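So you know, we letter chains A, B, ... as the sequences are listed, proteins then strands, and number each from 1. Note that the coordinates shown come from a computational prediction; the quantities given were computed from them, not determined experimentally. Computation of the quantities below employed the complete heavy-atom set of this structure, encompassing side-chain atoms and omitting hydrogens, waters and symmetry-equivalent molecules.
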Protein chains: 2
Amino acid sequence: MLRKVDKHSGVPAYLQIVNMIKSEILLGNLQKGSQLSSIRELQQIFDVNINTVLKALEKLKSEGYIEAEQGVGYFVKKDFDVDKKIIEIIKTCVAKLKDNSIDYYTAILIFEEVWKNE
Amino acid sequence: MLRKVDKHSGVPAYLQIVNMIKSEILLGNLQKGSQLSSIRELQQIFDVNINTVLKALEKLKSEGYIEAEQGVGYFVKKDFDVDKKIIEIIKTCVAKLKDNSIDYYTAILIFEEVWKNE
DNA sequence: TATACTGTTATATAATTATATAACACTAGA
DNA sequence: TCTAGTGTTATATAATTATATAACAGTATA
């Protein structure tokens, strides 16, 4: 789901955009060959300057995820599919956490710490 | 666990420091009243400039997590303990993901996307 | 009291990130 | 061919983040 960038998160906007688009590809919402929205549409969706969108697309291009066609648009180039099982594991975990009224920030903090400790 | 800041992650160093210290408090490794390492020690641990440590401590102070004593040190002020159950849920999830050889970056991407979608 | 630790304040500089704005170039379709 | 949509390139400016460096001030202890 592409959505407004969080300008107070501390994470640079262009990286948030990179991550959101990667997630779309990861989850299969954007498949190989799909055309992205135009730069100027993305600019509105993310609510940032056109140069910020460009920087994000440039990074995705350099990593091989998308490619550009002059005058036409950007297209998904690489299709990495994550095992459905992985998504299920995470969905189950997220559901449990939400059941316990944990907020996203706390969850991520613990997730990161647990990941890097064990 | 306090560790070197990742200078290529895109997340500002001072925020990484804030998060690491918060995690320590969250997980109970730093309890109410505990003294933090000195600024100059933290500077070495995180491998950043002293002003960057200071910025992080300033933020933690403004959020009420720690307090300073001139000439003595910084101390943990607030003790928010997360239910052990939550930690277990996340530990279990992380273990499963690692069993499936998922890398941290991918895991976080999916986690964030799943969290914000459902 | 002297000293070696603490935290505190300050200034200058550089790199990165984001904005505003404009103009140019390619493509598809009327 | 014209036009409206694409991507592309460029310049100037501002805000944020991080560094280097120095000096000052409080505290505890030998």
Margin query: Is it the case that over 12 heavy atoms from other parts of the model lie below 6.0 angstrom from the NZ atom of K78(B)?
Written below: yes

Notebook entry, point to check: Q43(A) has an atom CD; how far is it from atom P of dT8(D), in whole Å?
Noted result: 15 Å

Next item on the list: Grab the CD-P distance between E58(A) and dG7(D) for me, whole Å please.
Entry: 13 Å

Check: In this structure, which one of L15(A), D47(A), I17(A) forms a side-chain contact (heavy atoms from CB on, under 4.5 Å) with V5(A)?
Finding: I17(A)

Check: Just wondering, do I21(B) and Y74(B) contact through their side chains at under 4.5 Å, heavy atoms?
Finding: no

Next item on the list: Starting at atom CD of E67(B), determine the distance to atom P of dG7(C), rounded to an integer number of angstrom.
Entry: 13 Å

Check: Within this structure, what is the CG-to-P distance between N49(B) and dA10(C), rounded to whole angstrom?
Finding: 17 Å

Item checked: Length of the line joining I39(A):CD1 and dA25(C):C1', which is rounded to integer Å -> 13 Å

Next item on the list: Let me know the distance between NZ of K4(B) and P of dA18(D), rounded to the nearest Å.
Entry: 16 Å

Notebook entry, point to check: For E63(A) and K77(A), what are the C-alpha separation, side-chain angles and deciding distance, and is it a salt bridge (Lys or Arg N to Asp or Glu O under 4.0 Å)?
Noted result: CA-CA 10 Å; E63(A) 292 181 7; K77(A) 194 176 171 186; over 6 Å; no

Notebook entry, point to check: Should the pair K116(B)-E112(B) be classified as a salt bridge under the 4.0 Å nitrogen-to-oxygen rule?
Noted result: yes

Next item on the list: Determine: side-chain N/O of T52(A) to OP1/OP2 of dA18(C), distance under 4.0 Å, yes or no.
Entry: no

Check: Quick check: are there more than 12 heavy atoms from other residues, nucleotides or ligands sitting under 6.0 Å from CD of Q44(A)?
Finding: no

Margin query: I want to verify a distance call: between dT9(C), dT21(C), dT21(D), whose nearest atom is closest to the I50(B) side chain?
Written below: dT21(D)

Note to self: Please pick, from dG7(C), dT19(D), dT6(D), the nucleotide with the shortest atom-to-atom distance to any side-chain atom of A68(B).
What the structure shows: dG7(C)

Notebook entry, point to check: Atom NZ of K61(A) and atom P of dT6(D): how far apart are they, to the nearest Å?
Noted result: 17 Å

Note to self: Within the 4.0 Å limit for protein heavy atoms, which parts of nucleotides 24-30 of chain D are touched? Write it as a string from 5' to 3', B for base, S for sugar-phosphate only, - for none.
What the structure shows: --BS---

Next item on the list: Could you tell me whether L57(B) contacts a base, only the sugar-phosphate backbone, or nothing, with contacts defined as non-hydrogen atoms closer than 4.0 Å?
Entry: nothing

Margin query: Under 4.0 Å between a side-chain nitrogen and a carboxylate oxygen: does that hold for K61(A) and E58(A)?
Written below: yes

Notebook entry, point to check: Would you call E88(B)-K85(B) a salt bridge at under 4.0 Å N-O?
Noted result: no

Margin query: With a 4.0 Å cut-off on N to O distance, would you call R3(B) and E113(A) a salt bridge?
Written below: yes

Grab the N/O contacts between the protein and nucleotides 12-17 of chain D below 3.5 Å, and write none if there aren't any.
{"from": "dT17(D)", "atom 1": "OP2", "to": "K55(B)", "atom 2": "NZ", "distance (Å)": "3.4"}

Next item on the list: May I have the distance from Q35(A) (atom CD) to dA28(C) (atom P), rounded to whole angstrom?
Entry: 11 Å

